[in-house]
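Each residue takes its place number in the sequence, starting with 1.
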Amino acid sequence: MDSLPLLADHPYASFLDQVEKPARYAGGEVGSVVKDWASVEARVCLAFPDVYDIGMSHLGFKILYKLLNDDPRTLAERCYTPWVDMEAQLVKRGLPLVSLESARPLRDFDVVGFSLQFELTYSNILTMLHLGGVPLRAADRGEDDPIVIAGGPTATHPEPIAPFLDAIVIGDGEEKATEVALAWARLKREGVPRRERLVAIARLGAVYVPSLYATRLDPDTGFEVVDRPLASGIPFPIERALVDLNKYPFPDESPTGGPEAIFDRMSIEIARGCTEGCRFCQAGMIYRPVRERDPEQIVDTVMRAVQRSGQDEVSLTALSTADVSCISPLIKKVTERLTAERISLGVSSLRAYGLEPDLLDELKRVRATGLTFAPEAGSQRMRDVVNKNVTEEQLLETAERVFSRGWGKMKLYFMIGLPTETDEDVRGIVETGARAAGAGKRAAGRGKPVDVTVSVSTHVPKPHTPFQWAAMDTLGEVGRKQQLLKDTVRPYRAVTLKTHEAHASVLEGIFARGDRPLADVLERAWRRGARFDSWEDRLDLAVWEEAFTHVGVDRAKYLGTLPVTARLPWDHIDVGLEEGFLAKEYRKALQSRLSPPCGKVAGTFVHHTNLDDAKADARRLVCYDCGVACDMTQMREERLTFLDRLGAHRRSLPVLTDAGAAPPAAAAGPSGAPASDGGAERASVVATEQESGGGREPPRAEGEAPHRARRIAPAPKGRGGFRYRFRFEKAGPMALLGHLDVVRELPRVLRRVGAPMTYTAGFHPKPDMTFSPALSLGVISLDEYVDLRLERDLDPAALDALVAAMSAASPRGLVFRGAVQLGPEDPSLSKLIAGARYALAFARSAIGGDAEALLAARCSAALSAASLPIRREIDRLAKMVDVRQYLVRAEVGGPEVHAALARAGLVGDLVALEVEVDIRGSGAVKSSEVAAVITGEPGEAPGAITPPPHRAVRLQLFGRTPPAGSAAGERFSLFDLERARRVKPAPERTPALPLAADAE
């Protein structure tokens, strides 16, 4: 049943709390941009074909969101694929899919832009178009429908999805996004017919409009290939767009503060492209040439991003960060800047071999248990086939370096199904892992744990790579090789084997090398329920089997060996590679011949890390003349400039470590105090091999900051810092966030306003906070509390200013209402809270009759009952709870309660109950349980009761004074510290923070 609307004027407001993670659809994050639609020329919806949790981590979305919103002529809003429960609700109610910022249907935008990251998200594109009110097929769209455009890595082989798209941007989208949006909107205003608009868009360059090109069958393969343009003046082939990254600084701000994203950190792109030339890697081919961002720009972006987002981890990302020319000094520079902020630094795709020892010793500080690397193949011959410029000696060196520095785990990524692979190569995967474990054991020393995980996926031949012509292993062959791996690993106790389901890889391979007839298969599968096919537990193979059979498509032709001379379904897309280059690399692969990395001196695995060595090495850089125009002289000069700017003038001496030596001292705080208890560092570096795919403002002078300090905290004794109690409200989108999301958000708010917290002791220090009892999703609260420790001692005026600043830096719906400083004798929240008051609001129509009289009678009956049992389910386990043991008072609410409801955003013809409940060390009852036992009708199961639709608002949390004689203790505010000090503390709850199971 629907509840009272929680979000004003939002089409989903009445039922959001009935779906999983409702905050996915609410918006209101810090950094989100809401523009006046009438003030712009073009309106763009950035549509990501996966759930919010994944799409929020996508770098391309962040880049385009800021670019479009920074331009006064355009606006950008976001939309993600609704999870299956939300899709069902939208279909049931006949409601459209809407954007997060303004809750507008997709059909209202001028441009709907999809990100093509992975072939198995194509069915989600159809879901979003259908729910957004946009005709599925481009041919069915009318004059007023938006242009549906897409970009991303799979845009380079788009034929299976092409009939559903009006236009596809090839290459970098930074310049094209604004250009296409403005051109389309202008032509539409001028009354230009849709087809002529599409021709004009195609003539902009780097834009493929599928409907403007004819196709034919290729006799060598049976594939339908793009043959010729159908309009004059449009490109054929379509060349990619290429931008200078330094003209488009990476955004230092993006939406933050909703449900936890899959990569919950501030990721910064430091380079685009890769020098290594791995023959299976599409990204390494289509993003050539390598373009590195200016390191000074990177450092500045990192520091601004930390301040604006409040995130506690930054990740430097590139296809292979180990091959960014200045990576070592850049990591050191960024770590140095982040140290005082307690911000962790993550570095993707960083390998250990070839890196200087002092950088590895920087990594030693990490609060993690293992590192990840990608040898890709199990024998040296196969590594040469795929052009992975890694030797067996380097792999063992990696293991030795990792385990000798205290890590206990290492993960190695491999593939099976590579061209020319033999059973010996497959067994070599496990044996390589075993040799790495052996080297690790010797390096770690006796008794130290060593665990090597070998993770093996199935190779998918991708377009625009040297392996685009190679056959993909059949499911039967993949299964046989996986069994061979399992048989081989049995004797090796230190090696853990993980293999991946291959059915999804086969489907990916079909759509990667597919042509336009696959669009009919895609639509058929989608109409029969295909959703979230990239999720292993959602992929329904039976649906796809039926679709291929129904359409009459032979899957085998997409998976077999392709003639090198044949025309392929993606040949009309020019990614910049010279004709013949890929074929030459394919032939070298079949001969097990290596091609050294380009842009480096032959035999060099990493770039020089200091200016002296770089200047002294005058040897020529390797270049294959692949068709991409690289200026080697300019490349060499740029690297020297970057090293100079980072201050990396001379080679660093190795940092010698002694297992018996004391750990390095923690970074000093402003007063010279240790950074944290337990010797934990303020900054850490996390290194992983694969991960999906101006300076800081000066300190304010005394009196300038809104939260100015009287003094800096002295060297901590015990937990250190200064204790404060903050009161806050959470309504609207924040009432739809889970408790742990709220817990994660508060430190971000404090970082945004520059109020450093103190941290707990131990190996994994965390902000020192204790929250009031958790609330269920959808429960509004006007009286929440958190006890926390800050590094600074604030006077009352500064504390009031801090409270105001925190509200301004919070997501929509989170408002701070006050704060007090606590002394050492003040009890914590968990020892002090004794009860809560709630308002339970019902639509008068849901109660019926004389609602007030009926509810008053129900309250009287409940208070007269000896027990009020109800069944509570937690993680599918049920238990009976007697609500009457906790219920203190229940009555019909008066004007004060209705005023509170209005403040919480609940208006209309409402009738309300005011209830008071105890909160004890042993637990509490939920507001929904109170509503059920007072107003609900018995359900079918014993003890199960269903209340009428309602909305709960927590009005107050309070303590109680000790009872005097026969008189019960009086309620008092948790800010009334004088009375709080007279309360005999109750036993500390365990756990004190979430109380998730018995929330409220």
Tell me, with the steps shown, if Lys730 and Glu745 meet salt bridge (charged side-chain N to carboxylate O under 4.0 Å, His left out). CA-CA 12 Å; Lys730 63 188 193 78; Glu745 183 61 22; over 6 Å; no

Please walk me through it: do Phe972 and Glu970 pass side-chain contact (heavy atoms from CB on, under 4.5 Å)? CA-CA 6 Å; Phe972 64 85; Glu970 294 182 359; over 6 Å; no

One pair to check against side-chain contact (heavy atoms from CB on, under 4.5 Å): Glu784 and Val742. What are the steps and the verdict? CA-CA 11 Å; Glu784 292 292 287; Val742 177; over 6 Å; no

Can Lys766 and Asp312 be said to form a salt bridge (charged side-chain N to carboxylate O under 4.0 Å, His left out), step by step? CA-CA 10 Å; Lys766 296 179 180 179; Asp312 64 354; over 6 Å; no

Could you walk me through whether Val933 and Leu887 pass the side-chain contact (heavy atoms from CB on, under 4.5 Å) test, one step at a time? CA-CA 10 Å; Val933 297; Leu887 183 61; 5.5 Å; no

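No side-chain heavy atom of Val917 sits under 4.5 Å from any side-chain heavy atom of Val888. Residues Tyr886 and Glu929 are not in side-chain contact: their nearest non-hydrogen atoms beyond the backbone lie 4.5 Å or more apart. Under the 4.5 Å side-chain criterion, counting only non-hydrogen atoms from C-beta, Glu896 is not in contact with Glu914. Side-chain contact between Ile934 and Val915 is present, with heavy atoms from C-beta onward closer than 4.5 Å. Leu854 places none of its side-chain heavy atoms less than 4.5 Å from the side chain of Val911. The shortest side-chain heavy-atom distance between Met806 and Leu750 falls under the 4.5 Å cut-off. You'll find the side chain of Thr256 stays beyond 4.5 Å of the side chain of Met56, heavy atoms only.
With hydrogens and angles ignored, the 3.5 Å screen pairs a side-chain donor or acceptor of Asp795 with a backbone N or O of Ala797. Arg858 places a side-chain N or O within 3.5 Å of a backbone atom of Thr935 that can act as its donor or acceptor partner. Between the side chain of Arg752 and the backbone N or O of Ser309, at least one donor-acceptor pair lies under 3.5 Å. Side chain of Arg971 to main chain of Gly959: no donor-acceptor pair is present (N/O by atom type, distance under 3.5 Å, no hydrogens or angles). Judged by distance alone, with hydrogens and angles left aside, the side-chain atoms of Asp17 form no donor-acceptor pair with the main-chain N or O of Leu777 at under 3.5 Å. A distance-only check finds a donor-acceptor pair linking the side chain of Arg951 to the backbone of Gly778 [under 3.5 Å]. The backbone N or O of Ala26 sits less than 3.5 Å from a side-chain atom of Arg812, completing a donor-acceptor pair. Looking at Arg884, its side chain never comes within 3.5 Å of a backbone N or O of Pro869 through a donor-acceptor pair.
Within a 6.0 Å sphere centred on CD of Glu978, other residues, nucleotides and ligands contribute 12 heavy atoms or fewer. Around the CD atom of Glu20, the shell of radius 6.0 Å holds more than 12 heavy atoms that belong to other residues, nucleotides or ligands.
When each of Val820, Leu977, Leu832 is tested with Asp826 by the rule side chain to side chain contact (heavy atoms under 4.5 Å, CB included), just one qualifies, namely Leu977. Screening Leu90, Val19, Leu7 for a side chain to side chain contact (heavy atoms under 4.5 Å, CB included) involving Tyr12 leaves a single residue, Leu90. The only option from Ile847, Val892, Leu913 that meets the side chain to side chain contact (heavy atoms under 4.5 Å, CB included) definition with Glu852 turns out to be Val892.
Salt-bridge formation is detected for the pair Glu87/Arg531: a Lys NZ or Arg NE/NH1/NH2 atom is positioned less than 4.0 Å from an Asp or Glu carboxylate oxygen. Using a 4.0 Å cut-off between a side-chain N of Lys or Arg and a carboxylate O of Asp or Glu, Glu729 and Arg954 do not qualify as a salt bridge. Using a 4.0 Å cut-off between charged nitrogen and carboxylate oxygen, Lys831 and Asp787 do not count as a salt-bridge pair. Ion pairing of Lys21 with Asp53 is present here, as a side-chain N (NZ or NE/NH1/NH2) and a carboxylate O approach within less than 4.0 Å.
Between Phe532 and Trp83, a ring centre-to-centre spacing shorter than 6.0 Å is recorded. For Phe975 and Tyr785, the ring centers sit closer than 6.0 Å to each other.
Residue Asp741 holds its CG atom at 13.0 Å from CG of Leu746, rounded to the nearest 0.5 Å.
Taking the six-membered ring for Trp and thresholds of 30 and 60 degrees, Phe816 and Phe726 have ring planes more than 60 degrees apart, a perpendicular arrangement.
Relative to the ring axis of Phe958, Arg837 does not place its NZ or CZ within 45° and under 6.0 Å from the centre.
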